[in-house]
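This is a predicted model, so every value here is computed, not measured.
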Amino acid sequence: MADNSILCSVSSLILSLFTLFSCLFGHGNSIEQLAGYNTFTISSFKYPETQIRPFDMRYIRVDLPPWFSSMSIALKSSVNLDIKSVENVPKSALPMICFREGSLPLPDVSNTSFGELVALSNSSFEGTQVLQNSEQCYPVSRNMTMKLTNEQISARVLYFGLFNGVGPTRTQSKMVRLLTELFYTLFMAGSIIVRGPSYSFAANISVEGCITSSMQGQYCNQTVELLSCGLSRNNSGNGSASGFFNQSMLSCSNNFVTSCLGDEEMKIYTLEILRVAEFLTVSAENVRLRPVNNSGNGSGIDLMCFARYGAMPSATLHDFSGNLNKSPLVINSPKVGQWYISILALNLSKETGGSQSNVSKVCYSLELQELECPLGKAGPNCLSERYMLQTVLRKDSTPFESYFLPYGEKVMSDAANFLLEPLLSNYSFGGLDTWTYFILDIPHGAAGGNLHIRLTSDRKLNYEIYVRNGGLPSLVNWDYYYVNKTSNSHGSMFFALYSSSEEKADFYILYVREGTWNIALRNLNSTDGTSNRQTTMSVSLERCPKRCSYHGDCKSALDASGLTSYSFCACDRTHGGFDCSIEIVSRQG
């Protein structure tokens, strides 16, 4: 969904961030003192001492496989800032470190990188929920240590960037920045200097993993049971689920084994969703007390379920939750990938008449049902069209620069765009609109590119666009959206809207995350002369948005690991910003 940010003064935010940052980075060694858990080093990387000049940046990629248990970062720098000095340093001269899950951070886009922060403590880091469509930034200090576990962040890819000042002037011509600094230094004594000093840093990054796949958690001491899945027994011979047209129902269970939990005991399960699903249902069957208690039937017991994508769930950190003893937990349009389910028994002693006996347990059989659509179909009742977009690499281009076209005879193979109307779904949900879905893949290492989506029509656009990473988007579940030039994700940090009108939609998703992306087009009033329209759609992965607005050059580089290619704009002497669209110095000036 769209980001909700709170606007505060920069000075007070920087002050609070520095305090929070000190709490987060400073307790990494205490965990190392605890022994007795079965881990091994997955990877260890030492970044040598490197100098970052004013307005420069460095990116580092950290891969976190599903079996990782923790990630440690130790960073030393030449920065010498305390709380008082940080409060007085402008952002254009402030050394910063920024984190983002799945792609590179870009703090120049807007001021929301400060406002997106959540309260942090020594034991809480709400990684995936905060870092998906935003980033977290902190001032750089002299010594920093951080340790994050698989209970705090998801198992995928984490990027962090080191910046020496952020803002529109960071991409401006270096010669102009140098002259500007000299001008302010000589003729405006006492004012804030635009450019800060260089600083150096060195970093050590290590990732620990669990030796046994069935044992996970921070200390690899939590048993995780793998759920086995197969076609439901209720499926008919044609592969359709009973009661559902043209759909397949998968049932997942713990091999039909009954599980029993004491009061406040928790059990963790995991399953992998391999294909786009309409929904995932988690239910508990045959809930009963053991031993049988005549004074209670188990109806007052809370059998809490916590579900989380890509990371271990808990009562305080999860994506979905519900009381399975009251009703099943339904997750609509779950993301493709690894899911974790935890079951927690509560109020057991209350149900057993206040008895604190250790032999009192609640038993249940866990069952999950996953409703999948066949290939080429998606949406309610699997009646909407779904197209896989093929990647077409551009000739004589940088790595990963490409455009995407649907498979099939309805598309001209020699064009970089395609006509939309022949591909639209004919089915109208509720008789009001239709949905058509397009799926594309951003490969590993291409997170430094920008996803460009354009719609152009010969009359007023009659489409809404919803985009989501990992799962199907809908009216209530999306990462980015576009309805018209006044209703869109313009407030989101990584959404850039260009030259849109009644006949045209044109926007970028900046530094797009790796993985599968789903684009949904909602065709409003689908019976209103769709066949007479001509709308072309273009989806491409580009280096620099809007070609740096024709006010700069697009440069390419690799992150420190050499595994990710990214692009950035080097603007001319009068422009700045991530796309060189901001006029820093007017012609008259």
Residues which pass side chain to side chain contact (heavy atoms under 4.5 Å, CB included) with [X], listed by chain and number, not counting sequence neighbours:
X: Cys210; result: Ser69, Cys220
X: Met304; result: Asp302, Phe306, Asn323, Leu344, Leu346
X: Asp553; result: Lys555

So, using disulfide bond (SG atoms under 2.5 Å apart) as the criterion, who are the partners of Cys305 when residues are at least two apart?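 Partners of Cys305 under the disulfide bond (SG atoms under 2.5 Å apart) test: none.
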
Heavy-atom closest contact ([X] atom, [Y] atom, distance):
X: Thr516; Y: Asn469; value: O-ND2, 3.1 Å
X: Asp319; Y: Tyr309; value: OD2-N, 2.8 Å
X: Pro105; Y: Gly161; value: CG-N, 3.8 Å
X: Lys147; Y: Gln152; value: O-OE1, 3.9 Å
X: Gly577; Y: Ile582; value: CA-CD1, 4.2 Å
X: Val62; Y: Met71; value: CG1-SD, 3.6 Å

Mind running side chain to side chain contact (heavy atoms under 4.5 Å, CB included) on Val166 and Leu94 for me, showing each step along the way? CA-CA 7 Å; Val166 297; Leu94 182 65; over 6 Å; no

Are [X] and [Y] packed together at the side-chain level, in the sense that at least one heavy-atom pair is separated by less than 4.5 angstrom?
X: Leu64; Y: Ile153; answer: yes
X: Leu280; Y: Ile273; answer: yes
X: Ile519; Y: Ile453; answer: yes
X: Ile442; Y: Trp517; answer: yes
X: Asn80; Y: Arg142; answer: yes
X: Leu81; Y: Pro95; answer: yes
X: Val467; Y: Ile509; answer: yes
X: Ile205; Y: Ile60; answer: yes

Once rounded to the nearest 0.5 Å, what's the spacing between atom [atom1] of [X] and atom [atom2] of [Y]?
X: His452; Y: Ser540; atom1: NE2; atom2: OG; value: 6.0 Å
X: Ser92; Y: Phe55; atom1: OG; atom2: CZ; value: 5.0 Å
X: Tyr508; Y: Phe495; atom1: OH; atom2: CZ; value: 12.5 Å
X: Asn518; Y: Ile439; atom1: CG; atom2: CD1; value: 4.5 Å
X: Asp559; Y: Met57; atom1: CG; atom2: CE; value: 11.5 Å
X: Phe68; Y: Asp63; atom1: CZ; atom2: CG; value: 11.5 Å

Are the side chain of [X] and the backbone of [Y] linked by a donor-acceptor contact shorter than 3.5 Å?
X: Thr212; Y: Met215; result: no
X: Ser333; Y: Gly471; result: no
X: Asn488; Y: Lys485; result: yes
X: Ser549; Y: His551; result: no
X: Arg543; Y: Cys554; result: yes
X: Ser489; Y: Ser492; result: no
X: Glu514; Y: Gly445; result: yes
X: Asn150; Y: Ser70; result: no
X: Ser342; Y: Ile268; result: no

Throw together a table of side-chain donor-acceptor distances under 3.5 angstrom for residues 40-50, partners on residues two or more places apart or in other chains.
from, atom 1, to, atom 2, distance (Å)
Thr41, OG1, Glu208, OE2, 3.0
Glu49, OE2, Ser200, OG, 3.4
Thr50, OG1, Pro48, O, 2.9

Do [X] and [Y] have side-chain N/O donor and acceptor atoms under 3.5 Å apart?
X: Tyr466; Y: Asp479; result: no
X: Arg100; Y: Tyr159; result: no
X: Thr564; Y: Arg61; result: yes

Looking at the rings of Tyr340 and Tyr269, which for Trp means the six-membered one, are their centres under 6.0 Å apart? no

Does the Cys137 SG fall under 2.5 Å from that of Cys98?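 In this structure, Cys98 and Cys137 share a disulfide.
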
Are we looking at SG atoms under 2.5 Å apart for Cys569 and Cys544?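 Answer is no: Cys544 does not pair with Cys569 in a disulfide.
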
Using the rule given for side chain to side chain contact (heavy atoms under 4.5 Å, CB included), can you reason through Arg156 versus Arg513, listing the C-alpha separation, both sets of side-chain angles and the distance that settles it, and then say yes or no? CA-CA 11 Å; Arg156 271 170 288 185; Arg513 290 203 306 272; 5.8 Å; no

Aromatic plane relationship, Phe163 with Tyr59 - under 30° parallel, 30 to 60° tilted, over 60° perpendicular: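 Rings of Tyr59 and Phe163: perpendicular, as their planes differ by over 60°.
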
Give the C-alpha distance, both sets of side-chain angles, the deciding distance and a yes or no for side-chain hydrogen bond (donor to acceptor under 3.5 Å, both in side chains) between Asp579 and Tyr498. CA-CA 11 Å; Asp579 58 356; Tyr498 293 103; 2.3 Å; yes

Under the side-chain hydrogen bond (donor to acceptor under 3.5 Å, both in side chains) rule, collect the residues that match up with Thr270, sequence neighbours excluded.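 Counting only residues at least two positions away or on another chain, Thr270 forms a side-chain hydrogen bond (donor to acceptor under 3.5 Å, both in side chains) with Gln338.
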
Passes disulfide (SG to SG under 2.5 Å), Cys571 versus Cys580? Steps please. CA-CA 5 Å; Cys571 306; Cys580 301; 2.0 Å; yes

From CA spacing to verdict: side chain to side chain contact (heavy atoms under 4.5 Å, CB included), Met493, Glu135: CA-CA 9 Å; Met493 182 179 301; Glu135 60 191 31; 3.5 Å; yes

Start with the C-alpha gap between Tyr219 and Asn38, add the side-chain angles, then the distance that decides, and say whether side chain to side chain contact (heavy atoms under 4.5 Å, CB included) holds. CA-CA 7 Å; Tyr219 308 112; Asn38 299 319; over 6 Å; no

